[in-house]
Amino acid sequence: MGNSQSSIEKIGSAVDEGIKIYKAIKQQQDFQQHSSSYQQQYHQEHSYKHQQHYAGALSDDGDSPEYDRLRELAKHEAEQRNACYERSKAAYQAGDGAEAKSLSVQGHKHDEAMKRYNQQAADLVFEEKNRGRSPYEIDLHGLFVKEAAEKVDEALRRCQKDGQDHLIIIVGKGLHSPGQIAKLKPAIVEMVKKYNVSCQPNIPNPGCLYVEFGKGTGDLSWLDVFSETMSKECIIM
């Protein structure tokens, strides 16, 4: 009987120890998950701060009031999102997991709203700048880098489908933005490799890129000089 009691106590002790280990591992996993989530959130915040800077650089005096309104709404949603993420982080560090999760969910909703307003602004300005324009040209004024890349991708696919031999991309002129210039070079390289096209600068006008189909990728040694010239002349994508 004594041995049975001892065995039961040992089993109970082992179970308790196992539960403690499980809780410790679960707590560590939860912490790692939250840490990863916050890193992603802060990356988004940092990215949007850059986007705000680029928006002014890419706009011109011809932008419609509705475009400006949508960008401002997106900016406001980003600020609300960032505030929620900051409060969520503080709540989590204070040990209030439920509040941290609730604030994080609110932050995600503001993030989705920001993306929605920015997409509406991008579609609006692109339609306005390219209304009545030749199918052999696209104007990227008013777009963030990611938005511009998406529009270029759509245009290149259309050109290939329709059998066009070239496309003129108007990258525009705006305020000085070293960060924007830095993103232009890899974007051009990616476009050239993906579609196997040649790309030449300042044709037919300064601030334009002349893309030709069916001639291979060609020489891209001009990219460094072009980027430097754009920086000095305030021509940016």
Which pair of non-hydrogen atoms, one from [X] and one from [Y], has the smallest distance, and what is that distance?
| X | Y | answer |
| --- | --- | --- |
| V197 | M191 | CG2-O, 4.3 Å |
| R71 | G142 | NH2-O, 3.0 Å |
| K215 | S198 | CB-OG, 4.3 Å |
| L167 | P135 | CD1-O, 3.9 Å |
| L156 | F213 | CD2-CZ, 3.6 Å |
| S88 | A100 | OG-O, 2.7 Å |

Residue among I170, L209, V152 satisfying side-chain contact (heavy atoms from CB on, under 4.5 Å) with L140
V152
When you group the ILVMFWY residues by side-chain heavy-atom contacts below 4.5 Å and let the links chain together, are Y92 and L103 in the same group?
no
Which distance, rounded to the nearest 0.5 Å, do you find between the [atom1] of [X] and the [atom2] of [Y]?
| X | Y | atom1 | atom2 | result |
| --- | --- | --- | --- | --- |
| Q160 | N196 | CD | CG | 9.0 Å |
| E128 | D123 | CD | CG | 11.0 Å |
| L124 | K129 | CG | NZ | 10.0 Å |
| L70 | N118 | CG | CG | 8.5 Å |
| S134 | I168 | OG | CD1 | 7.5 Å |
| H166 | Y136 | NE2 | OH | 6.5 Å |

So, are [X] and [Y] salt-bridged, with charged N and O less than 4.0 Å apart?
| X | Y | answer |
| --- | --- | --- |
| E137 | R133 | yes |
| E99 | K89 | no |
| K151 | E147 | no |

Between [X] (side chain only) and [Y] (backbone N and O only), is there a donor and an acceptor less than 3.5 Å apart?
| X | Y | value |
| --- | --- | --- |
| D139 | H141 | yes |
| D96 | A91 | no |
| N130 | F126 | yes |

Which residues pass the salt bridge (charged side-chain N to carboxylate O under 4.0 Å, His left out) test with E112, not counting sequence neighbours?
none
By salt bridge (charged side-chain N to carboxylate O under 4.0 Å, His left out) - contacts of E154 (at least two apart):
none
Side-chain heavy-atom pair [X], [Y] within 4.5 angstrom cut-off:
| X | Y | value |
| --- | --- | --- |
| R158 | Q164 | yes |
| Q119 | E150 | yes |
| C199 | E212 | no |

With ring pair (Phe, Tyr, Trp, His ring centres under 6.0 Å) as the criterion, how do Y85 and H108 come out once you've worked through the C-alpha distance, each side chain's angles and the decisive distance to 0.1 Å?
CA-CA 9 Å; Y85 287 165; H108 288 316; 5.7 Å; yes
Would you kindly say whether [X] and [Y] are connected by a side-chain donor-acceptor distance under 3.5 Å?
| X | Y | result |
| --- | --- | --- |
| Q106 | R81 | no |
| E77 | H110 | yes |
| N82 | E86 | no |
| D153 | Y195 | yes |

With sequence neighbours excluded, what pairs up with R116 under the side chain to side chain donor-acceptor pair (under 3.5 Å) test?
none
Within 45° cone and under 6.0 Å: R69 NZ/CZ vs Y117 ring
no
